[in-house]
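One-based numbering, in listed order, for ligands and for the atoms of each.
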Amino acid sequence: MPHPKQEQVARRAAELREQLFHHAHRYYVLDAPEIPDAEYDRLFQELQAIEEAQPELRTPDSPTQRVLGAVLAGLTPVRHAVPMLSIAAERDTSEAAARRFDARVRRALGLHDEDPPLEYSAELKFDGLAINLRYEHGVLVQAATRGDGETGEDVTHNIRTIGQIPLRLAGAEAEVIEVRGEIYMRRDHFERMNEQQRAAGLKTFVNPRNAAAGMVRQLDSKVTASRRLSFYAYGLGEVRGWELPETHSATLDALATMGVPVNGERAVVRGADGLVGFHAQIGGKRAQLPFDIDGVVYKIDARDLQQRLGFKSREPRWALAHKYPAQEQMTVVRDIDVQVGRTGKLTPVAKLEPVFVGGTTVSNATLHNEDETRRKDVRVGDTVIVRRAGDVIPEVAGVVLDRRPDDAGEPFDLFKRLGGKCPVCGSAIAREEGEVDWRCSGGLFCAAQRKEAILHFAGRRAMDIEGLGDKLVEQLVDGGAVRTLPDLYGLTADQLADLDRMAAKSARNLVDALDKSKRTTLPRFLFALGIRHVGEATAKDLARHFGSLNSILEASELQLLEVADVGKVVAQSLRLFLEQAHNREVVDELRRLGIHWEESDGTADRTPKPLAGKTFVLTGTLPNLTRDVAKERIEAAGGKVAGSVSKKTDYVVAGEEAGSKLDKARELGIALLDEAALEALLAS
Ligand code: IVH
């Protein structure tokens, strides 16, 4: 006779399982969580604690059983109760293939032209790995791979870590229901995973299918749990104690009701026209789907007709896999080029014998970086596998080594290939310790990096040029109006007003903003140059330490290292930038055009602080200073800038269109300054 307290705990455990079961389904399958993650974790931990104290309350379908870390000795073979068959694949991607299939089925069923069209369940052909999920009395008891169709491998430990797979079927108590479907990895998860592998200098996976298969067949389920796998059901295996619906589509609907993920891109279509329409419709969407498919699948929807049609060798006569153009193809590498990205990153690119892949002809494919090129050992002359899926740029997924010709090129060496110079601007290239990418040091001088450099220069925390955004920079650079940063200051209102979608007023405003930006601070100017590793904080440190731009320009690496927080990486990057003559020219030219700031000759400690202890409030628009610059200069002189006027305010700096703050200052009798008066005070 169980203790009443004991009974209460058992009831609570069941309740928690119920709730977690529900919320996991909302989160993983419906993508619509009802509670925050933290709350889910709390419920989860409560259940975990109960089960730890009383292991006899632990059930195999408990959500706590998903995360298993045990390393197993090997995978156990599993004999399938019902063999896992495959479907006849039609490689002819034209609509004729669908029509032939319909005609074949009609003939086999003895139908005549005047008989009504057949109904098909049309579905996606997921490109992953087939799995059999065995549920007994609604509880997941075993998951097995397809193997040879007769015997697969027991991968229950890994499958339990996949959040989308229910550990228990909702409202299904049948003795046995085997759910069959595909384990796959979404393309974005795959990309991210490879990105991480690359950053860590590790081997990447060829495609999402291989990655998923590798993970499912892992012995260590911790590895599986850390990657994101997904699942869609497409059919059944052994069933006992459940009355099957009469059609395949209704069976999938029933599975969805039980909490099993079933893809929504499916339809019941009529006749050959229906098949052709579905193939075309999905073909148009293929690139936008978040996962890979290699075709669509047509299945006679009515179960009785399926039974009448039966099997031919190991394939059902009632189903067809109708393919799309492959997303992977073999071709030959003619050359390896290097491209310069917007931020100066150098990317090796394979120049290919043109090949039709993923629906278009591809003649360039990324090799990502030098290390990866070497890891895959891609050489000129090699036959490679090119992959192009969705919107992802084509990549070389691997080399077919046994096709390597005797006269294949040397192992790839990026520095040697470029002779140490950026292919766009000729600046020195560098690869920092611990980084996977080589970079061009040309920065604002390099045409490939021009747009990015200008946007950075104009940014709020840099020169703060209001109105100089993405689209405009694009037009200015592409139209040839701006090649280097100094060109910006030569732009006229008329010239700007001629651009697309540019009103005369905005053109004038931009010229004003450019003019205003000339009065800046040394840290802002340094930061605006976009020198790698010289962020806002470093720019401030440098300005404080050296006091003037000239002292920075002349500083040796050793002198730079004297600055607090400036290490070897920053010092080298600065020297590299300053050693390029063209960078010095840009700096000189900008100053010649009137960009200026207050300088001090000594260190910060020697800088006078005329405004120490004084509190300022800024209001309205000043004629020459942006608000940020005014604030920085007041602060540099030791003053404080507050947001609102109070008795503690010493000065209110008022510009045009000053509002209530000005009224308040008058009311309290606080000293008012205009820009000229502020300048005078700063100079005192
Ligand atoms: S039905 C007897 N439906 O394609 C029919 N299979 O050769 C059993 N696949 O390895 C399979 N999407 O893993 C079916 N909607 C779908 C599918 C699908 C992908 C895979 C399956 C199997 C192969 C069929």
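Considering each of Lys299, Lys125, Met84, the one bringing a non-hydrogen atom nearest atom 23 (C) of ligand 1 is Lys125.
Scanning the protein for heavy atoms near atom 10 (O) of ligand 1, the closest one is Ala130 CB, 4.0 Å. Of the protein's non-hydrogen atoms, Glu182 OE1, 3.6 Å is the one closest to atom 20 (C) of ligand 1. Counting protein heavy atoms only, atom 8 (C) of ligand 1 is closest to Leu85 O, 3.9 Å.
Some N or O of Glu123 is nearer than 3.5 Å to an N or O of ligand 1, by distance alone. Here's the thing with Tyr234: one of its N/O atoms is less than 3.5 angstrom from an N/O atom of ligand 1. At least one N/O-N/O distance between Leu124 and ligand 1 falls below 3.5 Å.
Ring to ring, Phe190 and Phe205 are not that close: their centroids are 6.0 angstrom or more apart.
Here Glu123 does not pair with Arg266 in a salt bridge; the nearest charged N to carboxylate O distance is not below 4.0 Å. One finds no salt bridge joining Arg388 and Glu395 here, because no Lys/Arg side-chain nitrogen approaches an Asp/Glu carboxylate oxygen to under 4.0 Å.
Heavy-atom separations between Pro316 and ligand 1 include at least one value shorter than 4.0 Å. Arg180 does not count as a contact of ligand 1, since none of its heavy atoms falls under 4.0 Å from the ligand.
Geometric assessment of Arg168 against the ring of Tyr135 yields a negative cation-pi assignment under the 6.0 Å and 45° thresholds.
Which parts of ligand 1 touch Phe126 is read off a 4.0 Å heavy-atom cut-off, strictly below it: atoms 12 (N), 19 (C). Each of the atoms 1 (S), 5 (C), 6 (N), 7 (O), 11 (C), 14 (C), 24 (C) of ligand 1 lies under 4.0 Å from some heavy atom of Ile87.
A heavy-atom distance below 4.5 Å is not found between the side chains of Val262 and Tyr234.
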Hey, can you pull the donor-acceptor pairs under 3.5 Å for the side chains in residues 284-294, sequence neighbours left out?
{"unit_1": "Lys285", "atom_1": "NZ", "unit_2": "Glu265", "atom_2": "OE1", "d": "2.8"}
{"unit_1": "Lys285", "atom_1": "NZ", "unit_2": "Glu265", "atom_2": "OE2", "d": "3.3"}
{"unit_1": "Arg286", "atom_1": "NE", "unit_2": "Ile293", "atom_2": "O", "d": "3.3"}
{"unit_1": "Arg286", "atom_1": "NH1", "unit_2": "Pro325", "atom_2": "O", "d": "2.8"}
{"unit_1": "Arg286", "atom_1": "NH2", "unit_2": "Ile293", "atom_2": "O", "d": "3.1"}
{"unit_1": "Arg286", "atom_1": "NH2", "unit_2": "Pro325", "atom_2": "O", "d": "3.2"}
{"unit_1": "Asp292", "atom_1": "OD1", "unit_2": "Arg187", "atom_2": "NH1", "d": "2.8"}
{"unit_1": "Asp292", "atom_1": "OD2", "unit_2": "Arg387", "atom_2": "NH1", "d": "3.0"}
{"unit_1": "Asp292", "atom_1": "OD2", "unit_2": "Arg387", "atom_2": "NH2", "d": "3.1"}

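The aromatic rings of Tyr298 and His322 sit perpendicular, their planes meeting at an angle over 60°, well past the 30° parallel limit.
No side-chain donor-acceptor contact under 3.5 Å links Gln142 and Thr156.
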